[in-house]
Amino acid sequence: MSRNREVADRLEEIARMLEILGENRFKVIAHEKAARAIADLPQDVADLDAKQLEAIDGVGAKIAAKIVQYANTGDMTEHAELRAKVPEGLFELMNLPGLGPKTVSLLWKDKHITDLAGLKRIIDDGSIMDLPRMGAKTVQNIKDAIEFNASAGARLPLGVAMPVAEAIVERIRKVEGVKKIAFAGSLRRGKETIGDIDILCAASDPDAARDAFTRQPEVIKVLAAGESKSSVRFSLSSLRLADLGGDAAAVQVDLRLVPEASWGAAMLYFTGSKEHNVRLRERAQKNGWTLNEYGLYPESDDPTPPQHRGAKAIAGKTEEQVFEQFGLPFIPPEIREDRDELSLKTTPRLIELDDIKSELHAHTTASDGRLSIDELATLAHARNFHTIAVTDHSRSSFQANGLDEDRLRAHIKRVRAARVKGIAILTGSEVDILPDGTLDYDDDLLAELDVVVASPHASLSQDPKKATARLLKAIEHPLVHILGHPTGRLLPARKGLEPAMPELIAAAKEHNVALEINAHWKRLDLRDTHVRQAVEAGCLIAIDCDVHRAEHFDNLRYGVLTGRRGWLPPEQCINTWSKARLHAWLKEKRAS
DNA sequence: GCCGTTTTCGGCCCGACTGTTTTCAGTCG
């Protein structure tokens, strides 16, 4: 199994420890950058030699040697040496918002604080105030941070953050003088989880917008309220907490007030990713320009920022304008991750919500769904889909009221008899892939179905080798069309299977099986990086909602965002195909 | 520690806000 995550974690920890020790900050950045590069690598880092490692952007001779050592021995000398010097508890202190390396280092050196308990102790006895630059407000902020961290901490799933952001945007949009407002950040990029919500606003009366923002009833604490940036802690307690998949009770929301003329530069800047922005700035420098959130300006020796000395921007009103100055096409937000997008010559045609014309993974009351066959088909038709597949659970998913063979045969008859004008209703099953890779029904029954989605549901912590063999066996099965939620992960808690993804992708391509992006925001499985690998390999992708209730159709946009993050073009997604093409493809697996 | 169409040294993205200070350090994104 890929050891990329382990290696990346160690490099990341080295960076944190160097930071606490006050080492050269560029050395810190170098380790962070290398960690990210390794985490994003499609192939297993342990399979690469030093030369191949050094070919990775951000990895030089020294870091390559550390990785090779780790791959061979399971140790990383520098990491171990630093860990001997730096107490482990300092990591949790660094994670507190507002506490950085300087303060943590000071706490450690001056007050011998090595963990959260120690920090709480010197806050309580007041001795923390002995430290330089430590006043009553700073101490209160640290106390708040500790409390916030305990109650929330975790990142918010995309499907929870998106409706919250949209609600805030619509609320502030109504404020007098607001001209433009939109969310940016990782939310706009469609990341599977969100650290905080960034909202941009251009207004003729910025004070009114800021006040409306900071005075929302859900605001627990105003963290900052300056000229251009306000930041609040926003309560989520009005949401169904059970749906949050954790105990995230609040989220940080930032409002950035920007001049209308800088809208494009600001959207670019606050959409990120950070790494994408750094690349753009480097490119600006090479061209003799400087890029900030106000615009793209000619470089100057004047230390005053260009926007303050009235310099005329080369570009900045729209994102398109800025990209154009760089000789770049418009880069869709979802792929701004510094993963080769700045080499693009034209804007790639990525999949869009309107491209989707079918739903091939849906449940009815026959198993654990809430909808009848007719209701399901009617809802699908209302979305302008030409096809809906009824794929209830198979017998081993007893917790989901899976159908045994007799019930499935009866169900097939009902599905075939169902008629909703304007939409084709297909018979199918979401058949369990048992731990050994065999399917939950016999082949003669599977052959009667129009659509077979094979998914893992149980034994989701089996070891990677077994998981790979299990899923490969399902992909190689001649009657399987779609591999459903391939890893079975659940955000944020359940890791799911960790199969060798390149092997699955190669097999799926060979056997003409589509890999599913399950659009539910708790799944998003395949995940973005896997989608990218599958797309590059020429593998087919399905984006399905795994519908159990009417509102699950609304999750489609999260699946599409994940597809876009994986650079998925519409033609590679079977749900975009015409009815004739899709049905012909489904039948291919029934012909032989 | 990494990198190079100014290439083996000398750079390395840029600005806002807070809380502490009396001009700025630390943190964040």
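Labels below follow one simple rule: chain letters A, B, ... track the order of the sequence lines, proteins then strands, and each chain is numbered from 1.
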>> For a 4.5 angstrom cut-off between non-hydrogen side-chain atoms, does A/Lys286 reach A/Arg283?
In response: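 Of all side-chain heavy-atom pairs linking A/Arg283 with A/Lys286, none is under 4.5 Å.
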>> Less than 4.5 Å apart, side chain to side chain, heavy atoms only: is that true for A/Ile168 and A/Gln216?
In response: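 Result yes, sub-4.5 Å side-chain heavy-atom pair found.
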> Do A/Trp263 and A/Val258 pass the side-chain contact (heavy atoms from CB on, under 4.5 Å) test, and can you show the C-alpha distance, the side-chain angles, and the key distance before you say yes or no?
Replying inline: CA-CA 7 Å; A/Trp263 182 257; A/Val258 303; 3.8 Å; yes
At less than 4.0 Å, is any side-chain N or O atom of [X] found next to OP1 or OP2 of [N]? Yes or no.
{"X": "A/Thr138", "N": "B/dT18", "value": "no"}
{"X": "A/Asn141", "N": "B/dG19", "value": "yes"}
{"X": "A/Lys274", "N": "B/dG29", "value": "no"}

With a 4.0 Å cut-off on heavy atoms, is [X] in touch with a base, just the backbone sugar-phosphate, or nothing at all?
{"X": "A/Ser231", "result": "nothing"}
{"X": "A/Leu99", "result": "sugar-phosphate"}
{"X": "A/Pro101", "result": "sugar-phosphate"}
{"X": "A/Lys102", "result": "sugar-phosphate"}
{"X": "A/Val28", "result": "nothing"}
{"X": "A/Ala284", "result": "nothing"}
{"X": "A/Ala136", "result": "sugar-phosphate"}
{"X": "A/Ile29", "result": "nothing"}
{"X": "A/Asn277", "result": "nothing"}

> A/Glu54 or A/Asp254: which one's nearest nucleotide on DNA chain B is closer to the 5' end?
Replying inline: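 On the 5' side of the pair lies A/Glu54.
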>> If you assign A/Asn24 and A/Val139 each to the DNA chain B nucleotide with the nearest heavy atom, which residue ends up on the more 5' nucleotide?
In response: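 Closer to the 5' end of DNA chain B: A/Asn24.
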Quick one: which of [options] gets closest to the side chain of [X]?
{"X": "A/Ala30", "options": "B/dA16, B/dC2, B/dG26", "answer": "B/dC2"}
{"X": "A/Arg281", "options": "B/dG1, B/dG29, B/dC13", "answer": "B/dC13"}
{"X": "A/Ser228", "options": "B/dA16, B/dC14, B/dC3", "answer": "B/dA16"}
{"X": "A/Lys229", "options": "B/dC17, B/dG1, B/dG19", "answer": "B/dC17"}
{"X": "A/Gln285", "options": "B/dC2, B/dT27, B/dC13", "answer": "B/dC13"}
{"X": "A/Glu227", "options": "B/dT27, B/dG1, B/dC17", "answer": "B/dC17"}
{"X": "A/Asp196", "options": "B/dT27, B/dG29, B/dC3", "answer": "B/dG29"}
{"X": "A/Val278", "options": "B/dG1, B/dC13, B/dC14", "answer": "B/dC13"}
{"X": "A/Arg133", "options": "B/dT20, B/dG1, B/dA16", "answer": "B/dT20"}

> Does the ring of A/Phe330 carry A/Arg336 above it, NZ/CZ under 6.0 angstrom from centre and within 45° of its axis?
Replying inline: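 Pair A/Arg336/A/Phe330 counts as cation-pi.
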Send over the distance from [X] [atom1] to [N] [atom2], rounded to a whole Å.
{"X": "A/Leu291", "N": "B/dG15", "atom1": "CG", "atom2": "P", "answer": "10 Å"}
{"X": "A/Ile56", "N": "B/dC3", "atom1": "CD1", "atom2": "C1'", "answer": "15 Å"}
{"X": "A/Leu268", "N": "B/dC14", "atom1": "CG", "atom2": "P", "answer": "14 Å"}
{"X": "A/Lys286", "N": "B/dC3", "atom1": "NZ", "atom2": "P", "answer": "12 Å"}
{"X": "A/Leu82", "N": "B/dG1", "atom1": "CG", "atom2": "C1'", "answer": "13 Å"}
{"X": "A/Leu53", "N": "B/dG1", "atom1": "CG", "atom2": "P", "answer": "16 Å"}
{"X": "A/Leu255", "N": "B/dC28", "atom1": "CG", "atom2": "P", "answer": "20 Å"}
{"X": "A/Phe270", "N": "B/dC13", "atom1": "CZ", "atom2": "P", "answer": "18 Å"}

> Using 4.0 Å as the upper bound for N to carboxylate O, is an ion pair formed by A/Glu275 and A/Arg36?
Replying inline: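 Salt bridge between A/Arg36 and A/Glu275, a charged N being under 4.0 Å from a carboxylate O: yes.
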>> Taking the basic N atoms (NZ, or NE/NH1/NH2) and the acidic carboxylate oxygens, is any pair closer than 4.0 Å for A/Glu319 and A/Arg188?
In response: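 Salt bridge between A/Glu319 and A/Arg188, a charged N being under 4.0 Å from a carboxylate O: yes.
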>> Applying salt bridge (Lys or Arg N to Asp or Glu O under 4.0 Å) to A/Asp124 and A/Lys120, what does each step give before you reach the verdict?
In response: CA-CA 6 Å; A/Asp124 289 343; A/Lys120 285 180 184 163; over 6 Å; no
> Does B/dT8 have a Watson-Crick or wobble mate here (both distances under 3.5 Å), and if so which one?
Replying inline: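 Partner of B/dT8: none found under 3.5 Å.
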With [atom1] as the reference atom in both, quote the distance from [N] to [M] in angstrom, rounded to an integer.
{"N": "B/dG19", "M": "B/dT8", "atom1": "P", "value": "47 Å"}
{"N": "B/dG26", "M": "B/dT22", "atom1": "P", "value": "14 Å"}
{"N": "B/dT20", "M": "B/dA25", "atom1": "C1'", "value": "9 Å"}
{"N": "B/dC12", "M": "B/dT18", "atom1": "C1'", "value": "27 Å"}
{"N": "B/dT7", "M": "B/dG15", "atom1": "C1'", "value": "31 Å"}
{"N": "B/dT21", "M": "B/dG11", "atom1": "P", "value": "34 Å"}

> Does A/Tyr269 make a side-chain donor-acceptor contact with the base of B/dG15, cut-off 3.5 Å?
Replying inline: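 No, the side chain and the base share no sub-3.5 Å donor-acceptor pair.
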>> Quick check on the 6.0 Å ring-centre criterion: do A/Trp289 and A/Phe326 meet it?
In response: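 Ring centres of A/Phe326 and A/Trp289 closer than 6.0 Å.
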